[in-house]
Protein chains: 2
Amino acid sequence: MTTPMLTKNQSLVFDVLTKAEAPLSAYTILDKLRDQGFRAPLQVYRALDKLLEYGVVHRLESINSFVACAHPNEDCHSHGLVAFAICESCGQVIEFHDHEVDHRLMAWLKSQKFKAEKSTIEIRGHCGNCAA
Amino acid sequence: MTTPMLTKNQSLVFDVLTKAEAPLSAYTILDKLRDQGFRAPLQVYRALDKLLEYGVVHRLESINSFVACAHPNEDCHSHGLVAFAICESCGQVIEFHDHEVDHRLMAWLKSQKFKAEKSTIEIRGHCGNCAA
DNA sequence: ATCAATTGCGTAATGCTATAACGTGTGCGA
DNA sequence: TCGCACACGTTATAGCATTACGCAATTGAT
């Protein structure tokens, strides 16, 4: 999928995520955009829905937060599965991809005749800088 | 870790999850236990915290729900990473483990000096029975 | 036996996350 | 011009999780 022009709200939300150093919750995004005229959660969620659809933002299920994709130019949907390492100290998120992991998971799913649609791979712990 | 005796509340919650055919949310569990005297969410969450700690229950982050572990006798913490395939039609969850996936993820994390503490691997889609 | 620490429990209140249900305006093709 | 699709704004509500308080039972050291 090629990313269409973003609307005003979508751009505002995307910019906030791009400039953030850690994942943000929808309500945190809302607070950061109040000066830009945002008043209600739905404004954020609607923008996020589109950004997720375009593949330029990822949702981190385990912490109910959102991050800009680490590969802004490529189409993230084409990378296969996406995985995240989330530091619980500094909040930093490292996005990565491993074809072998993809392959093994897909093989298992196929053996079960399970049709995958969305995947979540998130590892929480402490990054190199924060680990004692 | 060896699982200690469960308290009354823990047993009630565990039984509900064991008998369920699909993951349950904390509030659904609460509703099922009102006849047993449960009145507040905290009663459920406190029991769930212990059951998660003992490794006899898993939390599905992507759907804010809980399931009994598929390996009631073994210690689930010793399996390495746990993965779930979640059917969005029938709600059924298949728990599985793949050492190769573990190995690849752990190798990547080690290369980044990232210390993993908790992991979430969840695939949502449609199971063999539900897929058209 | 007593005291302190720990653990589980009950209740009320609150906070965080996400969606439903309205209605408005704008652009665009039939 | 009509109808449709889409983005937007607002209010209200639903769903998930925790904080804060106090009480009761257990354990274990003194």
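Chain letters run A, B, ... following the sequence lines, proteins first and then strands; every chain starts at 1.
Atom CG of B/Leu42 and atom P of D/dT19 are 10 Å apart (whole Å). Summarising the geometry, the separation between CE on A/Met5 and C1' on C/dG27 is reported as 16 Å, rounded to the nearest angstrom. Atom-to-atom, CG of A/Leu30 to C1' of D/dT10 comes out at 13 Å; the value is rounded to the nearest Å. Atoms OH (B/Tyr45) and C1' (C/dT11) sit 17 Å apart, rounded to a whole Å. Between B/Leu12 atom CG and C/dG8 atom P there is a gap of 15 Å when expressed in whole angstrom units. Atom CG in B/Leu48 sits roughly 14 Å away from atom P in C/dG8 (whole-Å rounding). Across the protein-nucleic acid pair, B/Ile63 atom CD1 and D/dC16 atom C1' stand 13 Å apart, rounded to whole Å. For the pair B/Leu6 CG and C/dC9 P, the computed distance is 10 Å after rounding to whole Å.
Contact between B/Leu51 and B/Gln10 at its shortest, heavy atoms only, is CD1-O, 3.8 Å.
Toward the 5′ end of DNA chain D lies the nearest nucleotide of A/Gly37, the other residue of the pair B/Ala26 and A/Gly37 mapping further downstream.
Between B/Glu61 and B/Lys118, none of the side-chain N atoms (NZ, or NE/NH1/NH2) sits under 4.0 Å from a carboxylate O, so this pair counts as no salt bridge.
When distances are taken from the side chain of A/Tyr27 to each of D/dC16, C/dT17, C/dT19, the shortest belongs to C/dT17. Side-chain atoms of A/Ser25 lie closest to C/dT17 of the nucleotides C/dT19, D/dT10, C/dT17.
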Residues 33-44 of chain B, side-chain donor-acceptor partners within the protein, below 3.5 Å, at least two apart:
unit_1, atom_1, unit_2, atom_2, d
B/Arg34, NE, B/Asp31, OD1, 3.3
B/Gln43, OE1, B/Arg39, N, 2.6
B/Gln43, OE1, B/Ala40, N, 2.9

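At least one side-chain heavy atom of A/Phe96 sits less than 4.5 Å from a side-chain heavy atom of B/Leu105.
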Using a cutoff of under 3.5 Å, can you pull out all pairs of nitrogen or oxygen atoms linking the protein to nucleotides 6-8 of chain D, with atom names and distances?
unit_1, atom_1, unit_2, atom_2, d
D/dC8, OP1, A/Thr7, OG1, 2.7
D/dC8, OP1, A/Asn9, N, 3.3

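In this structure, CG on A/Leu24 lies 13.0 Å from CG on A/Asn64, to the nearest 0.5 angstrom. Between the CZ atom in A/Phe84 and the CD atom in A/Glu122 there is a gap of 7.0 Å [rounded to 0.5 Å].
Using modelled atom types, one finds no donor on one side chain facing an acceptor on the other under 3.5 Å when comparing A/Glu88 with A/His126.
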